[in-house]
Amino acid sequence: MEKRRTDCPALPPGWKKEEVIRKSGLSAGKSDVYYYSPSGKKFRSKPQLVRFLGSSVDLSCFDFRTGKMAPGKLQKSKQRTRHDPGSGKPDLNTALPIRQTASIFKQPVTKVTGHPGNKVKSDQQRATEQPRQLFWEKRLKGLRSSDVTQETLRTMDLPSGLHCIGPDPSEDCLLWAISSALHLSSGPISGQSSSAEKNPAVWINCSQPPCRSFTVTEQHIRVQEQVVNQVRRSLEEALTADTLARTAESTRERRAR
DNA sequence: GCCACCGGTGGC
DNA sequence: GCCACCGGTGGC
């Protein structure tokens, strides 16, 4: 086992696991486990793996030390979340679907080259397109966003008339699917073909959300404009209130001194 | 400068 | 007390 890289069936093809026994020091005899990506990048911890693999692999049951999936064990592994004291919040460990989904969004990255010491690291394998899971929306089922007081936030309303197809025809899934499609695609979002509706598992078009083909009308656009305007007004009011509160606060502090 | 390696520490 | 995780550094 020592210093030999072995295949790791629980990870995608090409990933290797290595166990290195400590030879000296107080921890002599203990071992460190490392993983190597197909491109040779070394990983020292599960959080590091999760950050890298994002939504492409579900590592919630992955046991970093053994390199195997631990089924049914309710993942009681000692995953630490540094800088997060925890609270009554739902399980925010590595299985966090929100994070995994967020990572599929193609977000712009600013490459700063102005500083002489700067280095830009890149991983070609990671940069290229990753395979996507069919009906991934189901993984988000039952999750709700909440504000700092744990109050569940109201989700967005989709325009009526959208008809979800696939294994989970709930409106939640459709909302996630459509917002994700809008992020990922530069083309129009129009739904699935009629054959996909008959047998989604075979005919689904991954670049479109799993819903019946639809058309966006002038009326839809008008309604959405109103919604956006309303939200902007609310935001403006909140920001104004916040500025006023801060000013009042600093005035009070100055007077107290 | 890189990285293999061990130590330190926080969460359990 | 154990150990997952990651910081730090000596050796190259």
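Proteins come first, then strands; the chains are lettered A, B, ... in the order of their sequence lines, and each starts at number 1. Only a predicted model underlies this, so the values are computations on that prediction, with no experimental measurement involved.
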In this structure, how many angstroms lie between the [atom2] atom of [N] and the [atom1] atom of [X], rounded?
X       : N     : atom1 : atom2 : value
A:Phe62 : C:dA4 : CZ    : C1'   : 14 Å
A:Lys30 : C:dC2 : NZ    : P     : 7 Å
A:Arg22 : B:dA4 : CZ    : P     : 14 Å
A:Phe43 : B:dA4 : CZ    : C1'   : 17 Å
A:Glu19 : C:dA4 : CD    : P     : 11 Å

With sequence neighbours left out, what residues match A:Arg65 under side-chain contact (heavy atoms from CB on, under 4.5 Å)?
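With sequence neighbours excluded, A:Arg65 shows a side-chain contact (heavy atoms from CB on, under 4.5 Å) to A:Glu19, A:Ser31, A:Val33, A:Asp63, given in chain and number order.
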Does OP1 or OP2 of [N] have a side-chain N or O of [X] closer than 4.0 Å?
X       : N     : answer
A:Ser24 : B:dC6 : yes
A:Lys42 : B:dA4 : yes
A:Ser45 : C:dC6 : yes

Have a look at A:Tyr34 and say if it touches a base, only the backbone sugar-phosphate, or nothing, with a 4.0 Å heavy-atom cut-off.
base
Residue A:Leu26, side-chain atoms from C-beta onward, closest of C:dC6, B:dG7, B:dC5:
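The closest nucleotide is B:dG7.
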Candidates C:dC5, B:dC5, C:dC3 - which lies nearest the side chain of A:Lys23
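Of the candidates, B:dC5 comes closest.
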What's the verdict on ring pair (Phe, Tyr, Trp, His ring centres under 6.0 Å) for A:Phe43 and A:Phe52, showing C-alpha distance, side-chain angles and the deciding distance?
CA-CA 9 Å; A:Phe43 293 83; A:Phe52 183 81; 5.0 Å; yes
cation_pi(A:Lys42, A:Tyr34) dist<6.0 Å, angle<=45
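Flagged: A:Lys42 positioned over aromatic ring of A:Tyr34.
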Strictly by salt bridge (charged side-chain N to carboxylate O under 4.0 Å, His left out), give each pair with a member in residues 218-234 of chain A just once, sequence neighbours left out.
A:Glu218-A:Arg222, A:Arg222-A:Glu225
Relative to the 5' end of DNA chain C, which residue comes earlier, A:Arg65 or A:Arg44, by the nucleotide with the nearest heavy atom?
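Checking each residue's closest nucleotide, the 5'-ward one belongs to A:Arg65.
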